[in-house]
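Heads up, the thing below is written out as structure tokens.
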Amino acid sequence: DTGVSQDPRHKITKRGQNVTFRCDPISEHNRLYWYRQTLGQGPEFLTYFQNEAQLEKSRLLSDRFSAERPKGSFSTLEIQRTEQGDSAMYLCASSRTGQGSTEAFFGQGTRLTVV
Amino acid sequence: ILNVEQSPQSLHVQEGDSTNFTCSFPSSNFYALHWYRWETAKSPEALFVMTLNGDEKKKGRISATLNTKEGYSYLYIKGSQPEDSATYLCAFKDNQGGKLIFGQGTELSVKP
């Protein structure tokens with residue numbers, strides 16, 4: 001399967017714990033995005049990378065959130081000291097850069113529940 | 001703050017009905033408008049990427065139009081089928097960066 005894969009698919013954690021999610025993009029894609037989606041809303045932008053460089057981070061993202069893409073391949077998203085408001089679907093997507101705008105390919109997401 | 005709005009929020013139609021949704025986005029600094037279909041328990045899947053004012057794109061029974069001067073796009077589904085049931089998302093990209101800004105989606109339910 002050469003699609004975007006995310007791990008884990010589901011995560012239940014206690015409030016205050018740290019969690020880390022992984023995203024493996026399509027191998028030839030140099031852009032990688034993280035989004036968060038809550039019920040009834042569209043995906044909300046969190047951050048994106050071009051290769052290993054983090055080019056933009058949402059101002060809505062608190063300092064408890066951090067993302068890395070150390071070798072320009074897979075990426076991790078860490079949430080420290082989780083809160084109940086962090087419960088959401090976390091989506092990863094990847095795309096190529098090139099002439100025009102290219103479509104993003106999404107993973108199936110990681111559903112986080114903070115209890 | 002970039003605002004992308006979709007209407008309606010949800011739509012219930014009978015099999016065979018034709019339907020359309022609206023996406024409105026900022027008309028300044030436009031770069032591209034994407035449409036995605038998101039079925040339950042699956043990944044969002046790209047339908048169209050539109051960049052030029054007046055663009056019309058078609059994939060089977062689904063088509064989309066784009067008006068960048070007034071900041072809207074329409075998605076049309078002709079003869080809806082139950083398998084068209086999904087959330088349809090539009091996403092705007094401006095010429096300042098690489099991120100997509102999504103609307104809240106239109107949830108379509110097609111009853112047999």
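None of the values given here were measured: they were computed from a predicted structure. Keep in mind that the numbers below use all heavy atoms, side chains included, and drop hydrogens, waters and symmetry copies.
Around the CG atom of A:L55, the shell of radius 6.0 Å holds more than 12 heavy atoms that belong to other residues, nucleotides or ligands. In this structure, A:E52 places its CD atom where more than 12 heavy-atom neighbours from other residues, nucleotides or ligands lie under 6.0 Å away. Atom CD of B:E39 sits in a crowded spot, with more than 12 heavy atoms from other residues, nucleotides or ligands closer than 6.0 Å. Within a 6.0 Å radius of CZ in A:R15, other residues, nucleotides and ligands contribute 12 heavy atoms or fewer. Heavy-atom neighbours of A:K11 NZ from other residues, nucleotides or ligands within 6.0 Å: at or below the threshold of 12.
Annotation: cation-pi geometry not satisfied between B:K99 and A:Y48 (NZ/CZ under 6.0 angstrom from ring centroid, within 45° of ring axis).
Cluster annotation: B:M50 and B:I62 are assigned to the same hydrophobic cluster (Ile/Leu/Val/Met/Phe/Trp/Tyr, side-chain heavy-atom contacts under 4.5 Å, transitive). Note on B:W35: it does not cluster hydrophobically with B:Y72, by side-chain heavy-atom contacts below 4.5 Å among ILVMFWY residues. With hydrophobic clusters built from ILVMFWY side chains whose heavy atoms lie under 4.5 angstrom apart, B:L11 does not share a cluster with B:Y76. Both A:M89 and B:L89 are members of a single hydrophobic cluster when ILVMFWY side chains are connected at heavy-atom separations under 4.5 Å.
Scanning residues 103-110 of chain B against chain A with a 4.5 Å heavy-atom cutoff picks out B:G103, B:Q104, ordered by number. Residues of residues 32-43 of chain A that come within less than 4.5 angstrom of chain B, heavy atom to heavy atom, are A:Y33, A:Y35, A:Q37, A:G40, A:Q41, A:G42, A:P43 in numerical order.
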Please list, one pair per line, the donor and acceptor atoms closer than 3.5 Å that link side chains of residues 103-115 of chain A to other protein atoms, with sequence neighbours excluded.
unit_1	atom_1	unit_2	atom_2	d
A:Q108	OE1	A:R9	NH1	3.3
A:Q108	NE2	B:A41	O	3.2
A:T110	OG1	A:P8	O	2.4

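Atoms CG and CH2, on A:L91 and B:W38 in that order, are 4.5 Å from each other to the nearest 0.5 Å. Residue A:S95 holds its OG atom at 5.5 Å from NZ of B:K93, rounded to the nearest 0.5 Å. In this structure, CG in B:L100 is found 9.5 Å from CZ in A:F45, a value given to the nearest 0.5 Å.
When B:C90, B:A46, B:P44 are compared by the number of non-hydrogen pairs under 4.5 Å with chain A, B:P44 comes out ahead.
Residue B:F48: no heavy atom, backbone or side chain, is found under 4.5 Å from chain A.
Heavy atoms only, all atoms of each residue included: B:V49 and A:T102 are closest at CG2-C, 4.5 Å.
Residue pairs meeting the disulfide (SG to SG under 2.5 Å) criterion with at least one member in residues 33-96 of chain A, sequence neighbours excluded: A:C23-A:C92.
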